[in-house]
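Notes follow the structure.
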Amino acid sequence: MTTVCHRPEGLEQLEAQTNFTKRELQVLYRGFKNECPSGVVNEETFKQIYAQFFPHGDASMYAHYLFNAFDTAQNGSVKFEDFVMALSILLRGTVHEKLRWTFNLYDINKDGYINKEEMMDIVKAIYDMMGKYTYPVLKEDAPRQHVEVFFQKMDKNKDGVVTLDEFIESCQEDDNIMRSLQLFENVM
Amino acid sequence: MAAGVAAWLPFARAAAIGWMPVATGPMPAAPRQERKRSQDSLIVLNVSGIQFQTWLDTLERYPDTLLGSSERDFFYHPETQQYFFDRDPDIFRHILNFYRTGKLHYPRQECISAYDEELAFFGIIPEIIGDCCYEEYKDRRRENAERLQDDTDQDHAAESSLPSMTARQRMWRAFENPHTSTLALVFYYVTGFFIAVSVIANVVETVPCGVSPGRIKELPCGERYAVAFFCLDTACVMIFTVEYLLRLMAAPSRYKFVRSVMSIIDVVAIMPYYIGLVMTDNEDVSGAFVTLRVFRVFRIFKFSRHSQGLRILGYTLKSCASELGFLLFSLTMAIIIFATVMYYAEKGSSASKFTSIPAAFWYTIVTMTTLGKGKCSISKMLIKKKNEGKFLFLNFMNITHFFFGLCLIDFFPYEHHKISTASFFFSQLPYTLFCFPSLTVMNASSFLWSLHASLETPVSSERIKKSRVK
C-alpha cells in the first residue's frame, strides 16, 4: 500500500482548467477517491479497474497503453488532475484535441510518428480485450489486415509512418469517424 | 469493488476513443440511462432515531439488498422525508459501511444472532463478510450452533426417556448419568462409599494398633486384624470388579472404553489384589508384592467419576501439557548445567559432597525447587563464610528460580495476569537470599494460584469445554 497521498488542487482551479462543471468534478472525484484512497492511480490498479469492464478478454495491454497516455508526466502514476484533464479532452474537447489525444495513445514511444509495429501492437491489444466472443468471429490474421487498411487510409505520402497532421487530416475526411466522435459528448 | 468501479464508467467509455479510428464502421451510441448520473442526492436513513445520511448512489450499488432496491420505499416516511427503520442503530452502522466500502465487517462485541437477524432483514448474505472478520464470524456461529445443540439435547434428556433403548444402552446411560434413575443413583453412592472405605482401610492398616501378647514391638493394625482387613479388601475389590465388568458390558464401544483413562484407573486399582491372590505362596516375589500394594492408593483416583472438579483439574493439566512440558525441559536443562558447573567448581575441595555430577543433581534439584534441604542458605554462607563455590552457584540458582517462575507466565494469556505473576516472583528476591523455607510456602501458594488462574482464563476454559466429557 503506497503511503503517498496526493490531494488535487482546488475545485475552482480544476473547473477553470477543464470543461467540467463543479458537480461533475465532485462525482468524478468521489469515484476516483473510492478506488484509489491514496489519491494516485498506479498501473496495476488501472489495469484492474479496466479489466472489470471487460471481463471476457484480456484488457491488460490496452490498459497499459491507456495508462501511458494518461500519465503525461511519465512517472508511473496518474493523479486526479491528469485523470480529469484527459477525460475533459475526451468528453468535452474539440475534435482536434480528441484526435490529437488519440494520436498520442497510438504513438507508443512518443516519437511523433506511428509506424506499423506500434499500430500492430495497439490493434492486437484491442483484439485481446474483445476476447473470443466477438461477432462476427475474427480470424487469425485479422489484426494484420486491419493495420493494412488503416495505413492505406492514413498514410498519405506512403512513407510507412503516420504523422499527426496526416492522422488528423485523414480522420476529418472520414465520416464514420466524425460521427463516432460526436457520440462522446453524451457520455457524462 | 464492482460497485465502486461503476463510478469509472465515463472513463471506460471515453477510453473507447482508442479503437474508434481503427474501426471499420461507425460506433453504436452509448445507452442512455433513464436517470441522469449527475443527479446525486443525499438520502436520510433514520434508524431508531439515529440519522444516517449517504448518497443515493452508494445505496444503489447493491440493488439486490433492501436498501438498494425499491423495497426501501416501503419504509419511506413522507412527513419527515426520511426512510425510517425500527432496527438497531449500532449494527446498522456496519451495514451502511458495507455499502460505502464494499466490505462487510463483523464487530466482536455484537451478539451473533442479533447480527444475523439484521443481515437477514436488510437482505445481505453473510458470505460476503471480509477476510478480516470471517474467521471470527464463523467461530462465533459455530459456537452458537453448538450451544443451541447442547440446549436441545439437554431438553430432550430432561424429557421422558426414549423407549427404544435396549437394556444395554439403558445401563450405560445409568452409569454415565447417575441422575437418570434411582438405581443408578444408588449404585453411584455405593461405589463412592466403597472407594472411600477402601482408601481409609489402606490408611488405617498401617497405624500401630497396640501390643499383642507375646510380642515386644507394636504391630500395625493390618497385621493384627489381618483377616478383617482381608475381608474388607475382598469386598471392595469384588464391588469394583463387578462395576468394571458391568461398565465393560454396557459400553457402546468396548475398545474405546478399555482405552479410556477411567477404565485404566479401575484396572490398576483392582489388579494388585488378584496378583496377590495368585502369588501368596511364592516367597521370592513377596517383596515385589508388597510394592504392588502401593498401587492400591490409585483407588483414590476413582473418585474422578464422582467429582467434576477433579476431572476439570485433569483436563487443565492435559490442556496445559505443552507448557508443563516446556517447564520440565528447561528445569532439566538448568539442573544439568548447574550440577556440572558445581561439580567441577568443587572438584578440588576434599570436603565436597559432590562425588559425581549425578550426585550434584540431587542438590541442584532440591535447591531449585526451593525445598532447601541442601541446608545452605545464603545467610548461612555470609555468617559462616563457608565454601565459596557453593555460594557463587547458589546465587545463580536463585536467579534461575525466578526464570522458572516467569515460565509460569506462559500460562496466562492476559497482560494483567502476566504482570502480577512477574511482580510476585520478583518480590521473592529478598526472601530467597535469606530464608529458604518461606520460599517453599510461597511457591506452593503461587502454583495453586496460577493453576486457579489458568482455570479461569477463557483460553483454557475453552480448551476444557472442547475436551469435556459429559
Side-chain angles (χ1 to χ4, degrees), chain A residues 21 23-24 26-35 48-50 52-54 62-63 65-66 69-70 83 86-91 98-99 101-103 105-106 119 122-123 125-127 129-130 146-147 149-150 153-154 167 170-171 174-184 186-188, chain B residues 1-43 52-63 68 96-105 128 130-132:
Chain A
T21 65
R23 268 217 101 100
E24 289 165 340
Q26 278 178 343
V27 171
L28 280 173
Y29 186 67
R30 284 207 298 272
F32 185 86
K33 183 92 177 166
N34 213 29
E35 284 307 308
Q48 276 171 13
I49 293 170
Y50 211 67
Q52 303 225 358
F53 288 106
F54 292 92
Y62 190 70
Y65 297 132
L66 262 184
F70 268 81
F83 178 71
L87 274 189
S88 164
I89 294 175
L90 290 175
L91 301 178
K98 285 181 191 167
L99 288 175
W101 198 91
T102 313
F103 183 85
L105 171 69
Y106 289 164
M119 210 53 223
I122 295 273
V123 171
I126 294 174
Y127 275 45
M129 186 172 62
M130 302 297 176
H146 223 118
V147 172
V149 165
F150 179 82
K153 201 168 37 164
M154 302 282 169
F167 182 72
S170 318
C171 285
D174 189 333
D175 277 338
N176 282 338
I177 293 178
M178 285 295 112
R179 226 174 315 146
S180 308
L181 276 180
Q182 292 298 107
L183 293 171
F184 284 94
N186 303 322
V187 166
M188 270 262 336
Chain B
M1 172 83 160
V5 172
W8 286 61
L9 195 56
F11 148 70
R13 291 204 175 129
I17 202 171
W19 61 82
M20 186 227 21
V22 191
T24 44
M27 296 245 303
R32 294 250 15 171
Q33 292 163 310
E34 291 106 38
R35 196 174 47 82
K36 280 178 69 70
R37 292 229 109 220
S38 55
Q39 177 197 329
D40 215 10
S41 53
L42 274 179
I43 184 172
F52 294 88
Q53 294 184 344
T54 181
W55 298 109
L56 192 58
D57 283 352
T58 313
L59 295 182
E60 301 271 306
R61 284 182 197 164
Y62 297 99
L96 198 54
N97 274 340
F98 162 63
Y99 285 91
R100 291 182 183 132
T101 62
K103 284 206 219 91
L104 183 61
H105 293 283
I128 49 172
D131 289 337
C132 41

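Just so it is clear, the model here is predicted, and its values are computed rather than measured. Quick note on labels: first sequence line is chain A, next is B, and so on, each numbered from 1.
The parts of A:Ile177 that come within reach of chain B are both its backbone and its side chain, each placing non-hydrogen atoms under 4.5 angstrom from that chain. Looking at A:Leu99, there are no atoms closer than 4.5 Å to chain B (heavy atoms on both sides), in backbone or side chain. Looking at A:Met129, the atoms closer than 4.5 Å to chain B (heavy atoms on both sides) all sit in the side chain, from C-beta outward. Looking at A:Phe70, only its side chain comes within 4.5 Å of chain B, counting heavy atoms on both sides. For A:Lys98, the parts sitting under 4.5 Å from any heavy atom of chain B are the backbone and the side chain alike.
Counting heavy-atom pairs closer than 4.5 Å to chain B, the top residue among A:Tyr65, A:Phe54, A:Tyr106 is A:Tyr106. Put simply, of A:Thr21, A:Ile122, A:Thr102, A:Val123, the one with the most heavy-atom pairs under 4.5 Å next to chain B is A:Thr102.
Closest approach of A:Tyr62 to B:Ala15, counting heavy atoms only: OH-O, 2.8 Å.
If you take CG on A:Leu28 and CZ on B:Phe11, they are separated by 11.5 Å, rounding to the nearest 0.5 Å.
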